[in-house]
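Inspection log for the structure reproduced underneath, given as C-alpha cells.
Whatever order the structure lists them in is the order used to number ligands and atoms, beginning at 1. Positions are given from 1 along the sequence.
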Amino acid sequence: MQSAQRQPNESSTRLLIVAREQQTSDRIGQLLGPDPGYELLNCSAVDQALRLLERERVDLLFLCLPAGELLENATLLAFKRCNSCLPIIVLDDDIDDFTGRRLLNQSASDHLPLRKLTTDTLQRAIRYVIGTKRQDEEIDYLRHADPLTEIGNRQYFYRQLLESLARIDSDNRRVALITVDLDDFRQFNNSMGHSAGDDVVKQLSQRLKSALDGEILARIGGDEFAIIFETDQDTDLRAATKELIGNLMMRVCEPYRTGERDPMLPSSIGVAFAPEHSRELDALIRQASQARQRAKQIHGCSYAIFEADKDSDPATQITLEPELWAALRQEQFVLFYQPRIDLRTGKIIGAEALMRWQHPERGLVQPDEFIPVAEKTGLIVPMGYWAIHRAGLDMRRFREAGFRYGSIGVNLSFRQFKDDFLTRTIRRIIDKNEIDPTRLEFELTETALFSDEAHVQSCLKELSELGIDFSLDDFGTGYSSFALLQKLPISTLKIDKSFVAGVNQSKDDEEIVRAVINLAHNLHKKVIAEGVENKAQLEFLIRHECDQVQGYFFSPPVPVEDFMRMLRNN
Ligand code: C2E
Ligand code: CA
Ligand code: CA
C-alpha cells in the first residue's frame, strides 16, 4: 500500500495472464467473451510480468505454468512483494488435492483446471477473489486512515516506517524521518475551541500533502505529522531533505483560515536520518521529536536535524528530572482552576486545580508532558504537596474576598500513597495555611485505590476525619469494586471525559453515562461529568440528573485571577 487514500474506483477489471503459450490467454479471452468489464494483459514470462506490475494497475493475476513444471512458492512471493493485495489464480489441469491445499496455504487465492473451465466458473471465481480483495482493501483503509484528515494514521505510519527501514539493507535505501507540529497548538485549541483546532489540522495536512511528491504522510498525534522520505544510497540525503523542507516551510508559514479569523500558527520541523542516527523505529521517532523541540526554541517556523550532542538522547525522563527539581525550587509550577458547575443552580460550585509548568523557554507546559515523569521518578510526592499548599493559599484568598463556593479538588497521584508521611504532611500543610479542610477535596484514580488497599483505606479514613472529601476520577476506565466503593469515604464519582465525548455519538457511551449516574445515586454519592464540550452533552446530562459538570463548554482551566473573576460574577 503506497498510500492510505482510497483508490479511485476505475471501471474495468484488469486481468494479467502469465502463460508461456498464447493459447492460454486466447482461451481465457474466449471464455470471457467481448465483455467491456474486463481488460486482458499478457506476459509470457514471470520476470516480464513482475516488471509490468511495477508500472501498471492489475486487479487479478492468472498464472499458468507449462505442464510438468512445479510452481515454486518463491514465484508467488515475488508477485506478492510487488503488490501485496494482488489475488493470484493458478491455472493447471493436473492439480491434486494435496497440491491444491499447498497452493492456497501459500499465497494463491484459488486454482482452476484450464481445460475443463467454463465461462460461468471463470466469472464466478473472478468475482469472488476480487470481492475479497476489495474487502481487504476497505478494511486496510479503515484501519490505517485518519478520519479527520483522510491521510494515514499512526498505525499506518509505523508500518510504512518499518518497511522503509527494512529497505536500508535489502535495497540500499536511505531514509529521512521528518516530523512537523504546530507551536502552541494546545493553547490555540483551548482558546479558540476544538472545531477551529480541527480546521487548522486539516489545512496543515493539505498543505503538507501538496508539498510532497508521493512521499508517505501520516498524522501521528493531535497536531503532529510525520513524513517518510526515502532515497537511494547515491543521493545526498541531507541536501534532498533540506530541499523538501524548504517546500514544506513555504506552505506552513502562511496564516490559516478559521471562520472569521486568519490566525498565524508557526510550525516546527524535526528530522532524523536512518541509518545515520539510528535504524530503529522508536529511536528514530524520538530523535526527530527531540530535534523538533530544539527547533521550537527558535520562534517562527524553523527546523532542526537531530544532533547527538545537542539533543538529549536516551530518555527524556533522565533530562527532565533535574529540570523538574529546579522548577519546584524556583516555583515555576502554577495551578490553573477549571470551574465545576452545579446543574441545579447553574452556578459555579467549585473547581479542579490543575498543574501547569511555566517554563522559562518553552512557555506553558501541560501536565501530560511532566506528570508521568514525575510519577515515575517519585517527584510527584513533593510536587503534590506543593499543589495542596498552593491551593490552600488560593482558598484563603477566596475566603478573604468573601466568595461563596463549595470545594476545590486537588489531584492526588497513586504514587503519593507510597509516602509514609502522607497524612502527617497534609495535616501540617492544612494547619500552617489555615485551610478549611471541608472545602478541600482530593481526586483519586482507581489505580491509587488498588495499589495498596489497606494502607490507602487507612489514609483516607484519617483524612476524612479532618473533614476532607474524596472523589473518584476517570470513573469507568478502571476496575472499581462496589464493595470498596461503599467502604471508602468517597463522596463523588467523576465520569471520565471519554464517555462524555461519546454522548450523542455512541449508544454504548450514553448507556455507560446513564448507568454511572444511577450507580452513584444508588450509592448516595454525587456525580460529576468532566469534559463537557457542547450543549447536546449538557442537555443529556441534565436530562439524566447528573449533579455537576466541568468542561470546555463552560471554561477551560484558567489562571487563579480569572477564576476569581468568575466567582465574583457568579
Ligand atoms: P484529569 O484529572 O482527568 O484532569 C482533567 C483534564 O481534562 C485536564 O487536563 C483538563 O484540562 C481536561 N479537560 C477539561 N475539560 C475538558 C474538555 O471539555 N474536553 C477535553 N478534551 N478535555 C478537558 P490537564 O489539565 O491537561 O490535566 C491532565 C492530567 O494531568 C489530569 O487529568 C491529571 O491526571 C494530571 N494532573 C494535572 N494536575 C495535577 C496535579 O496537580 N497532581 C497530579 N497528581 N496530577 C495532575
Ligand atoms: Ca482530576
Ligand atoms: Ca479526570
> What protein N/O/S atoms are found closer than 3.0 Å to the Ca ion (ligand 3)?
Replying inline: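 Atoms qualifying: Asp473 OD1, Asp474 OD1, Glu530 OE1, Glu530 OE2.
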>> Strictly under 4.0 angstrom, heavy-atom based: which residues surround ligand 1?
In response: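 Protein residues near ligand 1 are Gln338, Glu352, Leu354, Met355, Arg356, Pro367, Asp368, Ile371, Ile380, Asn411, Ser413, Asp473, Asp474, Lys497, Glu530, Gly531, Val532, Glu533, Gly551, Tyr552, Pro557.
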So [Y] and [X], do their side chains get closer than 4.5 Å, heavy atoms only?
{"X": "Asn504", "Y": "Glu510", "value": "yes"}
{"X": "Arg396", "Y": "Ile435", "value": "no"}
{"X": "Leu485", "Y": "Leu493", "value": "yes"}
{"X": "Tyr303", "Y": "Leu248", "value": "no"}

Using the six-membered ring wherever Trp is involved, compare the ring planes of [X] and [Y] and label them parallel, tilted or perpendicular (cut-offs 30° and 60°).
{"X": "Phe333", "Y": "Trp357", "answer": "tilted"}
{"X": "His544", "Y": "Phe540", "answer": "tilted"}
{"X": "Phe398", "Y": "Tyr405", "answer": "perpendicular"}

>> Only N/O/S atoms count here: what is the atom of Glu352 closest to the Ca ion (ligand 2) called?
In response: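 Distance check against the Ca ion (ligand 2) picks out OE2 in Glu352.
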>> Is the positively charged end of Arg207 above the ring of Tyr256, judged by distance under 6.0 angstrom from the centroid and angle within 45° of the axis?
In response: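 Yes, Arg207 sits over the ring of Tyr256.
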> His359 and Glu323: side-chain donor and acceptor closer than 3.5 Å?
Replying inline: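 Looking only at side-chain atoms, Glu323 and His359 do form a donor-acceptor pair, the distance falling under 3.5 Å.
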>> How close do Leu354 and Glu352 get, counting heavy atoms only, and between which atoms?
In response: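 Heavy-atom minimum between the residues: CD2-OE2, 3.4 Å.
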